[in-house]
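So that the names make sense, note that chain A is the first sequence line, chain B the second, and so on, each numbered from 1. Here the structure is a predicted model, which means the values were calculated and not measured.
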Amino acid sequence: MKIASWNINSIKARLPNVLKWIDGAQPDILFMQELKGIAENFPVSEFEERGYSVQIKGQKTYNGVAIASKTPITLISDEILEGDEQARYLEVEIDGIRMINVYCPNGNPVQVDSEKYPYKLRWMRELVDHLRELKVQEIPFLIGGDFNIIPRDVDCHDPKVWEGDALFRQESWDLWRELTNMGLYDAYRMMHPNEDNCYTFWDYQAGAWPQNKGIRIDHFLLTPEIADQLMDVQVDREPRGWEKASDHTPIIIEL
DNA sequence: ATGGTTGTTGGACAA
């Protein structure tokens, strides 16, 4: 079973690229983030024509997440923070496996007069607590998406550039540590423990892509039962080089 | 240090 995650940065702008990639890569399941539109405007039929069911949590202009799956999707929950206006979370069951698609808050700018960073930490705190609860209930699960956390120095081209950034600071690392220390396995690092050419995001600006100045912020985390079934993990850099590319590229796990 | 780009929108704001 191939499961992919891709921050597509607008389903409207990216539809041709997304369909092209799906037709080639043939994932069984695709997590999408940053739809940047309401559910009513999601091109459901384009996915159904290709044999996918779709679950959407949309919002005007910002955020938005969706899951496309070859086998039926059962919705468990579509928010992690109660009453959150931002569409960032989908928890479902597919093929008897609990799956969570997240678009975690970016958190920048980090400054006293901005609510962005406190919101990131609040959101992630709620996520960590919820995943702990799933562990207590002994529910095997996988969680994938744009975590907006650079786990370690090796996950970015130049740690100096990211110093102080919301994606690369102590509170974010502490939360990542909680995720891994509760027994969730970073799928990419299971298969590629020392790979430094591992990036999933390159900024549109300043030639980040041609100079390969990227960061690894799109992740899959697996409970041990799922991790035992992991066969392969790849980052597909090809779509980042296409015309009208998203600034992220897909990460694919194979169970 | 700043700005560089893309997307939603039709001027900022987010990333």
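When the shell of 6.0 Å around CD of A:Glu133 is examined, it contains more than 12 heavy atoms from other residues, nucleotides or ligands. Applying the 6.0 Å contact sphere to CD of A:Glu49 captures more than 12 heavy atoms from other residues, nucleotides or ligands.
Positionally, the nearest nucleotide of DNA chain B for A:Ser10 lies more toward the 5' end than for the other of A:Ser10 and A:Glu34. The 5' end of DNA chain B is approached more closely, in terms of each residue's nearest nucleotide, by A:Lys244 than by the other of A:Lys244 and A:Phe201.
Distance A:His248 NE2 to B:dA15 P: 10 Å, rounded to the nearest Å. In this structure, the CG atom of A:Leu35 is 21 Å from the P atom of B:dT6, given to the nearest Å. Per the geometry, CD belonging to A:Gln59 stands 19 Å off P belonging to B:dG7, to the nearest Å. Nucleotide B:dT6 holds its P atom 10 Å from the CG atom of A:Asp203, rounded to whole Å. B:dA15 atom C1' lies 10 Å from atom CG of A:Asn63, rounded to whole Å. The separation between A:Tyr204 atom OH and B:dG3 atom C1' is 18 Å, rounded to whole Å. Atom CG in A:Asn9 sits about 8 Å away from atom P in B:dT8, given to the nearest Å. Across the protein-nucleic acid pair, A:Lys36 atom NZ and B:dT6 atom P stand 12 Å apart, rounded to whole Å.
Using cut-offs of 30° and 60° on the angle between ring planes, the pair A:His219 and A:Trp176 is tilted.
A:Lys213 has no carboxylate O lying under 4.0 Å from a charged side-chain N of A:Asp158, or vice versa, which leaves the two without a salt bridge.
In this structure, the ring pair (Phe, Tyr, Trp, His ring centres under 6.0 Å) partners of A:Trp173, at least two apart in sequence or on a different chain, are A:Phe168. The side-chain hydrogen bond (donor to acceptor under 3.5 Å, both in side chains) test applied to A:Glu48 returns no partner, not counting sequence neighbours.
Sorted by residue number, the members of residues 100-127 of chain A with any non-hydrogen atom under 4.0 Å from DNA chain B read A:Tyr103, A:Asn106, A:Lys116. A heavy atom lying under 4.0 Å from DNA chain B marks the following residues of residues 11-20 of chain A, by number: A:Lys12, A:Ala13, A:Arg14. DNA chain B is contacted by no residue of residues 151-162 of chain A, taking any non-hydrogen atom closer than 4.0 Å. Across residues 164-173 of chain A, not one residue has a non-hydrogen atom less than 4.0 Å from an atom of DNA chain B.
Of all non-hydrogen atoms in A:Ser246 and A:Asn7, the two that sit nearest each other are OG-O, 2.7 Å.
Every pair tested for ring pair (Phe, Tyr, Trp, His ring centres under 6.0 Å) that includes a residue from residues 57-76 of chain A fails, sequence neighbours excluded, so the list is empty. For residues 110-122 of chain A, there are no salt bridge (Lys or Arg N to Asp or Glu O under 4.0 Å) pairs, not counting sequence neighbours. Sorted by first and then second residue, the salt bridge (Lys or Arg N to Asp or Glu O under 4.0 Å) pairs with a member in residues 61-83 of chain A read A:Lys57-A:Asp78; sequence neighbours excluded. Within the structure, every pair that satisfies the salt bridge (Lys or Arg N to Asp or Glu O under 4.0 Å) test and touches residues 169-181 of chain A, not counting sequence neighbours, is listed here: A:Arg125-A:Glu178, A:Arg132-A:Glu178, A:Arg169-A:Glu171.
In this structure, A:Leu35 belongs to a hydrophobic cluster whose other members, linked by side-chain heavy atoms under 4.5 Å apart, are A:Trp6, A:Ile8, A:Ile11, A:Leu15, A:Val18, A:Leu19, A:Trp21, A:Ile22, A:Leu30, A:Met32, A:Phe42, A:Val44, A:Phe47, A:Tyr52, A:Val54, A:Ile56, A:Trp242, A:Ile252. Hydrophobic clustering, defined by side-chain heavy atoms of Ile, Leu, Val, Met, Phe, Trp and Tyr closer than 4.5 Å, leaves A:Met231 isolated from every other such residue.
Within 4.0 Å of A:Arg88, counting heavy atoms only, lie sugar-phosphate atoms of the nucleic acid but no base atom.
Straight-line distance between the C1' atoms of B:dG10 and B:dT6: roughly 16 Å, to the nearest whole Å. Annotation: B:dG4 and B:dA15 have their C1' atoms spaced 14 Å apart (nearest Å).
A:Asp228 places no side-chain N or O within donor-acceptor distance of the main-chain N or O of A:Thr223, the cut-off being under 3.5 Å.
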